Amino acid sequence: MEIQVIEKTNGRINRVTGTTIKERLRVCAYCRVSTDNEEQLNSYQSQLKYYDEKINSKSEWQFAGIYADEAISGTLDFKRTNFIKMIQASMEGKIDMILTKSISRFARNTLDTLKYVRLLKENNVSIFFEDENINTLTMDGELLL
């Protein structure tokens, strides 16, 4: 019996074709604050600055924008215009990864969260929820959600 050693592949793998992706990862961020009070708006501005600096500081990442909805509840996805624009850009192949502070910033109910996670995953787009340390393209990502 002969044992075949499979070498580790460096870089990212396209989950659909199985080929190595050589370009930099196109990363965007999604921010949302639900009210327009002063404290929330300061948080909003801080999030925009944080993600701009974070994405642009990594040489393996290409800045793909910041999508942000201000003073909007997360319960109705169709009212979050920048969220919908981000999903559309992802479906058009313009985004590889979405950074967001937490699951609750991304969506406010389980059904919407899973719907968009699965839709994006089918298109090889990951979401990284920072507070929960969950990457949706990993084996346990959806299970942890």
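Reckoned from all heavy atoms, side chains included, excluding hydrogens, waters and symmetry mates. Note that the structure is a prediction, hence the values are computed from the model and not measured.
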Partners passing salt bridge (Lys or Arg N to Asp or Glu O under 4.0 Å) against D131 (at least two apart in sequence or in another chain): K101

With sequence neighbours excluded, tell me which residues meet salt bridge (Lys or Arg N to Asp or Glu O under 4.0 Å) with K58. none

Least distance between heavy atoms, L119 atom then N123 atom: O-ND2, 3.0 Å

Do any pairs count as a side chain to side chain donor-acceptor pair (under 3.5 Å) and have a residue in residues 82-91, sequence neighbours left out, and if so which ones? none

S59 to R24 - nearest heavy-atom pair and separation: O-CD, 3.0 Å

Do I134 and I103 make a side-chain contact, defined as non-hydrogen atoms from C-beta onward lying under 4.5 Å apart? yes

Which heavy atom of M97 sits nearest a heavy atom of V125, and at what distance? N-CG1, 4.3 Å

A side-chain contact here means heavy atoms from C-beta on lying under 4.5 Å apart; do I98 and I95 qualify? yes

Does a side-chain heavy-atom distance below 4.5 Å link Y116 with I87? yes

Do any N or O atoms from the side chain of R105 and from the backbone of R32 form a donor-acceptor pair under 3.5 angstrom? yes

For E130, all residues meeting side-chain contact (heavy atoms from CB on, under 4.5 Å), sequence neighbours excluded: Y50, Y51, K54, F128

L120/T136 under side-chain contact (heavy atoms from CB on, under 4.5 Å): CA gap, chis, key distance, verdict: CA-CA 9 Å; L120 293 166; T136 59; over 6 Å; no

Just do the side-chain contact (heavy atoms from CB on, under 4.5 Å) check on F63 and V27 with the steps written out, would you? CA-CA 6 Å; F63 184 79; V27 179; over 6 Å; no

Contacts of E92 that satisfy side chain to side chain donor-acceptor pair (under 3.5 Å) - sequence neighbours left out: K94

Spell out, as yes or no, whether a donor-acceptor pair under 3.5 Å connects the side chain of N133 to the backbone of F129. no

I'd like to know if K49 pairs up with E53 as an ion pair, taking the criterion as any Lys NZ or Arg NE/NH1/NH2 lying under 4.0 Å from an Asp or Glu carboxylate oxygen. yes

Please list, chain by chain and in numerical order, all residues satisfying salt bridge (Lys or Arg N to Asp or Glu O under 4.0 Å) with E60, sequence neighbours excluded. none

Would you please indicate yes or no on a ring centroid separation below 6.0 angstrom for Y67 and F83? no

Quick one, I55 and Q62 - any side-chain contact, counting heavy atoms below 4.5 Å? no

Answer whether the closest heavy-atom distance between the side chains of S126 and K121 falls below 4.5 Å. no

Any side-chain heavy-atom pair of L48 and C31 under 4.5 Å: yes

Using modelled atom types only, decide if a donor and an acceptor are shared between the side chain of R26 and the backbone of G93 within a distance under 3.5 Å. yes

side-chain contact (heavy atoms from CB on, under 4.5 Å) evaluation trace for D69 with T81: CA-CA 7 Å; D69 288 308; T81 56; 4.0 Å; yes

If I compare all heavy atoms of E132 with all of S102, which pair ends up nearest, and what's the gap? OE1-CA, 3.4 Å

